[in-house]
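First the proteins, then the strands, lettered A, B, ... as listed; each starts at 1.
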Amino acid sequence: MRIEETLQNSITNVLKQLYGIDAEVNTITLQKTKKEFTGDLTLVVFPFVKAARKSPEAVANEIGAAVAENCPAVASFNVIKGFLNFEINKNYWVDFVLQNADAEKYGFKTADSNQAPIVVEYSSPNTNKPLHLGHIRNNLLGWSVSELLKADGNNVKKVNLVNDRGIHICKSMLAWLKYGNGETPESSGMKGDHLVGKYYVLFDKHYKEQIKELVETKGIDEEEAAKTAPLMLEAQEMLRKWEAKDPEVYALWEKMNGWVYSGFDVTYKRLGIDFDKIYYESQTYLLGKETVMKGLQDGVLFRKEDGSVWADLTGDGLDQKLLLRKDGTSVYMTQDLGTAQLRQKDYNAEKLMYVVGNEQDYHFTVLKLILGKLGFEWGKKIHHLSYGMVELPNGKMKSREGTVVDADDLIDEMVATAEQTSKEKGRSDEGTDPQEQAHLYYILAMGALKYFILKVDPQKNMLFNPQESIDFNGNTGPFIQYTHARIRSIIRKSQEQLHVDLSQNPDTASVELNDKEREIVKILHDAPAIIDQAAQNYSPAMIANYVYDLAKSFNSFYQDTPILREENANVLKFRLKLCDFVAKVIKNMMGILGIEVPEKM
RNA sequence: GGUCUUGUAGCUCAGCUGGAUAGAGCAACUGCCUUCUAAGCAGUAGGUCCUGCGUUCGAAUCGCAGCAAGAUCACCA
């Protein structure tokens, strides 16, 4: 039994015996004893002093004495004001290490693949432009939360919904037809998504020129000009043709989307993210339309005079929401009604999770409400994992102002920085395979980037300053990767030079724990609770902060405690076991973040 | 204007369901490589936890009000 549980039980009994207090076991909360006091776990006794009718110190002393009496694992206790600090027997910690050090995934639960899955949608790109830093946060978060939920024992399915249809892609297509001269990714050497993005920008440029011209020559206002500019009319015409499945338009659409997909694939691969299933909006929006029509028939929705279809949410304190335009075409909400159903049908999910920015909070409130009105009970299972925006020092990224941080560029820069940093440290040792070297730079770069993004609480907006490249020192991914590499180096040497047999446990009689070791052991001991907590909060940031604490404590220990130079064979072996345990937990926790850890660096 | 989110050191962030003297990293300043990898360690300095009121034995944490920033309230997605 874990020590917290043992103590909780004992304390519950003691409270009953001493004061007749009936406390639920799980209401007894123990906290970690602060560093400046001696002890491992602390009980705050203030909640019981009233019922006990004694001073906090007296209560703490009485409880402490009784618990120490009953629990062999308690080595001693001390009382400071109303705080009862228990010191746990060294044997408990030592045994804990030896019993768990060899576990491949300490603290991880295994998922039952038969249970209803949590379906996590993330990424959800538009196919008209390449991915940028905002998408990076979404992708890393969605992937990592999925892994986190798996680690906590859930069956998880990762899905992507590609927004492949609509006026935006028509704009790129039109511009390519007009100004592209048949340019392809092959002919230009450009990544497909960037090539298509280039024409999206080009459309906007020419479109703006047309508007300006219209305003100047015809004297109409800008709003009117925007609606009547020939390019816009052509784009809309193209969309109509697309919906009518005009063969030429359709073929072009497939060709250009194909370019984008292969471009995305490269970026996804570099980011290390993947999906179990990919949905395409072009294949789901019709179901949304049908659903709306049915809702209309059932009288849940209503039609306005102009023919548009709406949901009335005024009874829920919200507004009316458009679901079908007067010309019968669908909007964003319409297709989301379709995809949600399809997904529910495909997976019969326990939870439908959407990793989408907080700018769409309103959309998801409405989506759930409308699904409920349409009679879909499972609408309640939708959970919008809402995360904050990535901001630049001068505010939000704006594609029109050219302040977008491109995903591919950023990754390239990170890799270059990693290589440069590595060389400055004189770590580009000769003799190593260049491919291995390149892989190291890549995982360090991605480690820095991923950690930088994931360590921030998802809910909060975060700031990225392109001027100051992401750090490799301090509270960073590479710091943790470095710690891992150091440990692996020690383990290697213990095998190659000292031939220590780690498959046998040491005799623990002579093993004592110094403060640093005890600190590390306690952090390791927390791993299961941290995974649990992080999963409940959908927060990879909690994992990031945990693994940083662990690495930091290890480095402090490493600095002043000899490991390979330890002469007592049992102590040596115990320390190696502890090191190995730390390395594994670092590796596994970083794995949840999607960060690889190197054997050497 | 309504709704939602955020506000902690110069900067970037932790601080979990209320608990002891609010913690890290970066930047600044001091030390430590002949010893297991210095991408490290040890230390100094840096705080009106946005403000006020309330709840509580106890509030950065909970409630209310205010201030500030952001998002949203589209026949965009």
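With both pairing distances under 3.5 Å, rU3(B) is matched to rA71(B) as a Watson-Crick or G-U wobble pair. With a 3.5 Å ceiling on both atom-pair distances, the Watson-Crick or G-U wobble partner of rA65(B) is rU51(B). A 3.5 Å limit on both hydrogen-bonding distances identifies rG31(B) as the Watson-Crick or G-U partner of rC41(B). Nucleotide rC57(B) forms a Watson-Crick or G-U wobble pair with rG19(B), both donor-acceptor distances falling under 3.5 Å. Across all strands shown, nothing is found opposite rA9(B) as a Watson-Crick or G-U wobble partner with both distances under 3.5 Å.
Of the C1' atoms belonging to rA27(B) and rU35(B), the separation is 32 Å, rounded to the nearest Å. Comparing the C1' positions of rA28(B) and rA9(B) gives a spacing of 13 Å, expressed to the nearest Å. Here the separation of rG1(B) from rG19(B), taken at their C1' atoms, is 41 Å to the nearest Å. rG46(B) and rC57(B) are spaced 33 Å apart, taking the C1' atom of each and rounding to whole Å. Nucleotides rA69(B) and rC75(B) have their P atoms positioned 28 Å apart, rounded to a whole Å. For rG10(B) and rA45(B), the C1' atoms lie 12 Å apart once the distance is rounded to whole Å. Taking atom P in both rA60(B) and rG15(B), one finds a spacing of 16 Å when rounded to whole Å. Taking the P atoms as reference points, rA24(B) lies 10 Å from rU44(B), given to the whole Å.
Counting heavy atoms of neighbouring residues, nucleotides and ligands inside a 6.0 Å radius, atom NZ of K326(A) does not exceed 12 of them. Counting heavy atoms of neighbouring residues, nucleotides and ligands inside a 6.0 Å radius, atom CD of E424(A) exceeds 12 of them.
Using a 4.0 Å cutoff on non-hydrogen atoms, the parts of residues 445-467 of chain A near RNA chain B are V456(A), D457(A), Q459(A), K460(A), N461(A), M462(A), L463(A), ordered by number. The stretch residues 538-548 of chain A touches RNA chain B through N545(A), Y548(A), each having a heavy atom under 4.0 angstrom from the strand.
In this structure, the ring of H383(A) has its center no less than 6.0 angstrom from the ring center of F364(A). Separation of the F554(A) and F557(A) ring centroids falls under the 6.0 Å cut-off.
In this structure, CZ of F557(A) is placed 11 Å from C1' of rC36(B), rounded to the nearest angstrom. Per the geometry, NE2 belonging to H384(A) stands 16 Å off P belonging to rA71(B), to the nearest Å. Taking atom CD of residue E391(A) and atom P of nucleotide rU12(B), one finds them 11 Å apart after rounding to whole Å. rU12(B) atom P lies 13 Å from atom CG of L392(A), rounded to whole Å. Rounded to whole Å, the distance from CG on L30(A) to P on rC16(B) is 17 Å. Rounded to whole Å, atom C1' of rU17(B) lies 15 Å from atom CD1 of I28(A). M397(A) has its CE atom 13 Å from the P atom of rA71(B), to the nearest Å. Between the CZ atom of F46(A) and the P atom of rG19(B) there is a distance of 13 Å, given to the nearest Å.
In terms of modelled atom types and a separation under 3.5 Å, the side chain of Q8(A) and the main chain of I28(A) share a donor-acceptor contact. Here the side chain of T561(A) pairs no donor or acceptor atom with the backbone of Y558(A) at under 3.5 angstrom.
Summary of the strand contacts: K32(A) and E468(A) both lie near RNA chain B, and taking for each the nucleotide with the nearest heavy atom, the more 5' one is attributed to E468(A). Map T42(A) and A485(A) each onto its nearest nucleotide of RNA chain B; the residue landing nearer the 5' end is T42(A).
A heavy-atom distance below 4.5 Å is found between the side chains of L324(A) and S330(A).
Using modelled atom types, one finds no donor on one side chain facing an acceptor on the other under 3.5 Å when comparing S469(A) with T417(A). Judged purely by distance below 3.5 Å, without hydrogens or angles, the side chains of S172(A) and N128(A) never pair a donor atom with an acceptor atom.
Ring geometry for F464(A) versus F452(A): interplanar angle over 60°, hence perpendicular rather than tilted (30 to 60°). The aromatic rings of Y332(A) and H363(A) sit parallel to each other, their planes meeting at less than 30°, with 60° as the upper class boundary.
Each of D549(A), L578(A), D515(A) was checked for a side chain to side chain contact (heavy atoms under 4.5 Å, CB included) with I520(A), and the lone residue meeting it is L578(A). Among the candidates T42(A), L84(A), T38(A), the single residue satisfying the side chain to side chain contact (heavy atoms under 4.5 Å, CB included) test with F77(A) is L84(A).
At a threshold of 4.0 angstrom between heavy atoms, the contacts of I490(A) are confined to the sugar-phosphate backbone, with no base atom among them. Nucleic acid contact for T334(A): none, since no nucleic acid atom lies under 4.0 Å from a heavy atom of the residue.
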Restricting both atoms to N or O, compile the protein contacts to nucleotides 75-77 of chain B shorter than 3.5 Å, with distance only.
from	atom 1	to	atom 2	distance (Å)
rC75(B)	N4	D306(A)	OD2	2.2
rC76(B)	OP2	R325(A)	NE	3.0
rC76(B)	OP2	R325(A)	NH2	2.7
rA77(B)	OP1	R325(A)	NH2	3.3
rA77(B)	OP2	Y332(A)	N	3.3
rA77(B)	O2'	N126(A)	OD1	3.4

Restricting to nitrogen or oxygen on both sides, can you table the protein-nucleotides 38-42 of chain B pairs closer than 3.5 Å?
from	atom 1	to	atom 2	distance (Å)
rA38(B)	OP2	R486(A)	NH2	2.7
rA39(B)	OP1	R427(A)	NH1	3.4
rA39(B)	OP1	R427(A)	NH2	2.1
rA39(B)	OP1	Y482(A)	OH	3.4
rA39(B)	O4'	K425(A)	NZ	3.1
rA39(B)	O4'	N473(A)	OD1	3.3
rA39(B)	O3'	N473(A)	OD1	3.3
rA39(B)	N7	R427(A)	NH1	2.6
rA39(B)	N6	S422(A)	OG	3.0
rG40(B)	OP1	G474(A)	N	3.0
rG40(B)	O2'	R486(A)	NH1	2.9
rG40(B)	O2'	R486(A)	NH2	3.4
rG40(B)	N2	Q559(A)	NE2	3.2
rC41(B)	O4'	Q559(A)	OE1	3.2
rA42(B)	OP1	S556(A)	OG	3.0

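Under the rule for a side-chain contact (heavy atoms from CB on, under 4.5 Å), the partners of E599(A) that lie at least two apart in sequence or sit in another chain are H484(A), R488(A), R492(A).
Taking only side-chain atoms of D319(A), from C-beta outward, the nucleotide of rG19(B), rA20(B), rC73(B) with the closest atom is rC73(B).
For K81(A) and rG19(B), the shortest distance from a side-chain N or O to OP1 or OP2 is not below 4.0 Å.
Screening residues 278-288 of chain A for side-chain hydrogen bond (donor to acceptor under 3.5 Å, both in side chains), with sequence neighbours left out, gives D164(A)-S282(A), Y279(A)-D346(A), E281(A)-Q335(A).
With its glycosidic angle more than 90° from 0, rC73(B) adopts the anti conformation.
A donor N or O paired with an acceptor N or O is found under 3.5 Å between the base of rA20(B) and the side-chain atoms of N85(A).
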